[in-house]
Amino acid sequence: MSVRHWKKILIPYEQAVEELKVKFKAIRNELRELSEYSPIEFVTGRVKKVSSIIEKAQKYGVAEEEIEEKIEDIAGIRIMCQFVDDIYKVVELIEQRDGKDLKIEYVKDYIKNRKESGYRSYHMIIKYPIQTAFGHKEILAEIQIRTLAMNFWATIEHSINYKYKKNVPEPIKERLKKSAEAAHLLDREMWTIRDEVINAQKFFEAKSNTVSSIVNNIQLLKSIGQEQKAKSFREKFNKALGKGNIVELIELSDSIKQAVDRYKAFE
């Protein structure tokens with residue numbers, strides 16, 4: 001295939017990756033804006049390099065004209081979670097979209113059924129519709145959902161496999177298996193303090209959102225000519241922030257919001 005032909009094939013995949021990243025990040029951001037816990041920690045994505053696509057096609061005997069139909073991970077999205085049970089919450093979120101803005105083809109649960117190497121992750125193969133310059137198109141994409149510990153291990157394993165061209169010496173294989181179990185134990189240990197971690201994060205998000213609202217509304221009071229009122233609220237805010245009392249900050253935020261609404265009504 002020519003360079004131009006490969007570009008024509010891959011541009012829709014690049015578009016799909018960007019759209020899917022935006023959608024999953026939007027879920028995370030919406031929950032955080034509402035001071036709710038998000039099972040999505042962060043999202044990455046990539047389009048497979050041409051050399052990797054060709055290598056995989058040759059390995060599995062896929063003809064050039066069948067590449068888009070049979071190579072399922074040309075577009076790849078990776079969703080990282082803090083805890084193992086978050087992975088299944090993300091799966092539920094994706095299942096709710098099945099038949100709407102994507103279609104789930106099949107799944108591979110390598111968490112409940114880990115690979116011999118020790119690899120753990122949850123894979124979903126989806127069909128994703130996009131509009132291109134040449135019309136409507138549905139492409140295959142792979143979504144991998146992992147904990148941070150699983151992702152760290154998988155990244156190291158991938159690098160070692162690349163170095164040894166998948167002929168990894170047995171001693172290194174054994175050490176990789178042991179480190180995979182260590183990563184699994186870390187996930188289990190973190191799960192035992194899950195509630196504490198989530199409560200701490202929700203507290204931080206609530207405080208951050210409240211502080212942001214206060215600062216914005218004080219600035220708004222100044223912009224509508226209520227500088228003395230803004231100064232008074234600023235002093236109260238500094239004292240409340242120094243105490244770190246979230247209840248006091250929320251009450252102050254409500255008072256400032258009411259003042260803004262009152263003075264704007266007389267503009």
Side-chain angles (χ1 to χ4, degrees), residues 17 20-21 24 28 37-62 70-95 104-126 140-198 201:
V17 166
L20 286 165
K21 280 165 59 180
F24 289 121
R28 179 197 63 192
Y37 175 73
S38 170
I40 298 173
E41 184 65 13
F42 63 93
V43 183
T44 62
R46 62 97 185 101
V47 173
K48 219 173 184 64
K49 292 180 180 178
V50 173
S51 58
S52 298
I53 296 170
I54 293 171
E55 185 180 336
K56 189 165 187 175
Q58 290 174 344
K59 179 181 176 181
Y60 292 103
V62 177
K70 293 190 175 179
I71 305 293
E72 300 166 334
D73 63 343
I74 294 176
I77 296 293
R78 190 168 294 160
I79 300 173
M80 256 64 75
C81 307
Q82 293 190 89
F83 308 102
V84 174
D85 52 342
D86 287 344
I87 292 172
Y88 294 99
K89 287 180 182 176
V90 173
V91 170
E92 287 177 11
L93 289 170
I94 296 172
E95 286 175 341
I104 299 170
E105 293 291 286
Y106 65 91
V107 303
K108 295 178 184 177
D109 189 342
Y110 295 120
I111 298 168
K112 292 178 180 174
N113 303 286
R114 67 174 176 80
K115 288 187 178 182
E116 176 62 25
S117 64
Y119 177 86
R120 287 179 172 89
S121 186
Y122 194 102
H123 292 194
M124 303 183 86
I125 302 300
I126 66 166
L140 289 169
E142 181 182 65
I143 302 173
Q144 297 179 350
I145 314 166
R146 305 170 172 171
T147 63
L148 299 169
M150 290 174 192
N151 188 62
F152 173 72
W153 183 89
T155 301
I156 299 300
E157 189 222 21
H158 178 78
S159 298
I160 289 174
N161 273 321
Y162 184 81
K163 176 183 176 181
Y164 289 101
K165 306 208 178 288
K166 300 201 173 178
N167 296 311
V168 181
E170 282 303 318
I172 295 179
K173 279 186 181 179
E174 287 304 311
R175 295 183 75 173
L176 275 172
K177 285 182 183 179
K178 288 179 181 177
S179 61
E181 284 308 303
H184 180 56
L185 288 172
L186 174 61
D187 276 333
R188 287 178 59 186
E189 189 63 28
M190 291 303 294
W191 186 85
T192 65
I193 58 168
R194 178 182 181 278
D195 290 344
E196 285 296 324
V197 173
I198 289 175
Q201 290 175 343

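None of the values given here were measured: they were computed from a predicted structure.
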Could you grab the distance from atom CD1 of Ile53 to atom CD of Gln58, nearest 0.5 Å is fine? 12.0 Å
Might you point out which heavy atoms bring Leu93 and Pro39 nearest each other, and give the distance in Å? CD1-CG, 4.2 Å
Considering all heavy atoms of both residues, which atom of Ser179 and which atom of Trp153 are nearest to each other, and what is their separation? OG-NE1, 3.0 Å
Would you please test Glu116 and Lys177 for salt bridge (charged side-chain N to carboxylate O under 4.0 Å, His left out) and show each step? CA-CA 8 Å; Glu116 176 62 25; Lys177 285 182 183 179; 3.0 Å; yes
Val90 and Met80, any side-chain heavy atoms less than 4.5 Å apart: no
Which pair of non-hydrogen atoms, one from Cys81 and one from Asp86, has the smallest distance, and what is that distance? CB-CB, 3.7 Å
Kindly check if the number of other-residue, nucleotide or ligand heavy atoms within 6.0 Å of NZ (Lys70) is above 12? no
Test side chain to side chain donor-acceptor pair (under 3.5 Å) applied to Thr44 and Arg78, step by step: CA-CA 5 Å; Thr44 62; Arg78 190 168 294 160; 5.1 Å; no
With Tyr110, which residues qualify under ring pair (Phe, Tyr, Trp, His ring centres under 6.0 Å), at least two apart? Tyr119, His123
Gap separating the CZ atom of Phe24 from the CD1 atom of Ile40, nearest 0.5 angstrom: 6.5 Å
Any Thr192 side-chain heavy atom under 4.5 Å of Arg188 side chain: no
Do Val91 and Met124 have side-chain heavy atoms sitting under 4.5 Å apart? yes
Option among Arg194, Arg146, Met150 that satisfies the side chain to side chain contact (heavy atoms under 4.5 Å, CB included) test with Val84: Met150
Counting only heavy atoms not in Arg46, do more than 12 sit closer than 6.0 Å to its CZ atom? yes
Approximate separation, where rounding is to 0.5 Å, of Ser38 OG and Gln82 CD: 9.0 Å
CD1 (Ile160) and CD1 (Ile172) are apart, to the nearest 0.5 Å, by 6.0 Å
Roughly how far apart are Glu95 CD and Ile104 CD1, rounded to 0.5 Å? 5.0 Å
Less than 4.5 Å apart, side chain to side chain, heavy atoms only: is that true for Asp187 and Leu185? no
Taken to the nearest 0.5 Å, the spacing of Ile145 CD1 from Asp109 CG works out to 9.5 Å
Check this for me: Tyr37, atom OH, are more than 12 non-hydrogen atoms of other residues, nucleotides or ligands nearer than 6.0 Å? yes
Quick check: do Leu148 and Phe152 have side-chain heavy atoms less than 4.5 Å from each other? no
Salt bridge between Glu170 and Lys173, side-chain N to carboxylate O under 4.0 Å? yes
I want to check something: taking the side chain as every heavy atom from C-beta on, are Glu105 and Glu72 in contact at a cut-off of under 4.5 Å? no
Measure from NZ or CZ of Lys112 to the centre of the six-membered ring of Tyr88 and say whether it is under 6.0 Å with the direction within 45° of the ring axis. yes
Correct closest heavy-atom pair for Ala183 and Ala149 would be O-CB, 3.9 Å
Using a strict threshold of under 4.0 Å (side-chain N to carboxylate O), is an ion pair present between Glu55 and Lys49? no
Mind checking what makes ring pair (Phe, Tyr, Trp, His ring centres under 6.0 Å) contact with His184, not counting sequence neighbours? none
Flag the pair Val168 / Ser117 as yes when at least one side-chain heavy-atom distance between them is below 4.5 Å, and no otherwise. no
So if I apply the side chain to side chain contact (heavy atoms under 4.5 Å, CB included) rule between Phe83 and each of Ile193, Thr147, Ile198, which one comes out positive? Ile198
If we check side chain to side chain contact (heavy atoms under 4.5 Å, CB included) with Ile126, which of these qualifies: Ile77, Leu140, Val107, Leu20? Leu20
Do the side chains of Glu181 and Arg120 get close enough for a salt bridge, i.e. N-O under 4.0 angstrom? yes
